[in-house]
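Data block below; observations after.
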Amino acid sequence: TVMGYSSSITYISIYVVMNLGIFACIFSMKRDGKYCENLNDLSGISKHHPILSISLLVFLFSLAGIPPLAGFFAKLYIFIAVIESKMYTLAIIGLLSTVISAFYYLRIIKIIYFDEIKNPFDKKNNFEITSTVFLSCTILVLFFLYPSILNNIVNILSIN
């Protein structure tokens with residue numbers, strides 16, 4: 001349906017923003033000039049890198065579909081389109097996979113905020129990474145105030 005197409009495009013657009021932010025955070029995780037990419041490297045970074053940890057919190061909550069972030073609305077639009085198309089089995093599978101993935105995202109948040117810090121990351125980041133993180137966070141947080149902007153663009157594109 002048209003709603004299915006527009007919901008998919010909205011979800012993909014928001015998903016791109018979430019992943020840009022997550023990968024920008026990963027690129028800012030350097031220790032002695034070397035990139036860190038293990039989950040254990042995130043342990044306790046909230047104490048020394050509060051901006052990075054808050055940004056990761058926003059991205060992970062949005063990926064998990066926690067309201068009022070944009071990831072919640074993206075998943076909501078998809079589920080509404082699926083239910084309106086009477087694809088109940090697909091909706092149940094989608095909800096189950098959302099719950100399972102939320103468990104893994106919340107596990108990462110636990111590591112960031114509640115585990116003991118091992119070694120802090122380098123404080124120096126470049127402007128491109130910082131601006132990407134800031135812009136992505138802003139879009140995800142403020143989407144619930146103005147969801148019609150993206151929805152109108154998607155609806156215009158799906159009609160044509």
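For the numbers below, each heavy atom of this structure counts, side chains included, while hydrogens, waters and symmetry mates do not.
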Evaluate the side-chain contact (heavy atoms from CB on, under 4.5 Å) criterion for residues Phe134 and Ile51: first the C-alpha distance (whole Å), next the side-chain angles of each, then the deciding distance (0.1 Å), finally the verdict. CA-CA 10 Å; Phe134 176 76; Ile51 302 297; over 6 Å; no

Beyond-backbone contact of [X] with [Y], side-chain heavy atoms, under 4.5 angstrom:
X      : Y      : value
Asp115 : Lys110 : yes
Ile14  : Leu140 : yes
Phe27  : Asn126 : no
Phe61  : Leu106 : yes
Tyr11  : Lys75  : yes
Ile45  : Leu56  : yes
Leu60  : Ile22  : yes
Ser8   : Ile78  : yes

Closest heavy-atom pair and its distance - [X], [Y]:
X      : Y      : value
Leu63  : Tyr15  : CD2-CE1, 3.8 Å
Pro68  : Phe144 : O-CB, 3.3 Å
Ile117 : Gly44  : CD1-O, 3.5 Å

Within one Ile-Leu-Val-Met-Phe-Trp-Tyr cluster: [X] and [Y], side-chain cutoff 4.5 Å:
X      : Y      : result
Tyr104 : Ile108 : no
Tyr146 : Leu76  : yes
Phe72  : Leu145 : yes
Ile80  : Met87  : yes

Would you find a donor on one side and an acceptor on the other, under 3.5 Å apart, between the side chain of [X] and the backbone of [Y]?
X      : Y      : answer
Ser7   : Met3   : yes
Thr130 : Phe127 : no
Asp41  : Asn38  : yes
Ser28  : Cys25  : yes
Ser43  : Glu116 : yes
Ser136 : Val133 : no

Yes or no on side-chain contact (heavy atoms from CB on, under 4.5 Å) for Phe143 and Leu69, after CA distance, side-chain angles and deciding distance? CA-CA 7 Å; Phe143 181 80; Leu69 300 172; over 6 Å; no

For the atom pair OG (Ser101) and CG (Leu96), what is the distance rounded to the nearest 0.5 Å?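 Rounded to the nearest 0.5 Å, the OG-CG separation comes to 10.5 Å.
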
Distance, nearest 0.5 Å, that separates CZ of Phe114 from CD1 of Ile109: 9.5 Å

Partner set under side-chain contact (heavy atoms from CB on, under 4.5 Å) for Ile139, not counting sequence neighbours: Val17, Leu135

Using the rule given for side-chain contact (heavy atoms from CB on, under 4.5 Å), can you reason through Cys137 versus Phe59, listing the C-alpha separation, both sets of side-chain angles and the distance that settles it, and then say yes or no? CA-CA 7 Å; Cys137 274; Phe59 297 132; 3.5 Å; yes

For side-chain contact (heavy atoms from CB on, under 4.5 Å), just list the numbers for Met29 and Leu42, CA-CA rounded to whole Å, side-chain angles, deciding distance to a tenth of an Å, and then say yes or no. CA-CA 9 Å; Met29 295 171 28; Leu42 293 172; 3.5 Å; yes

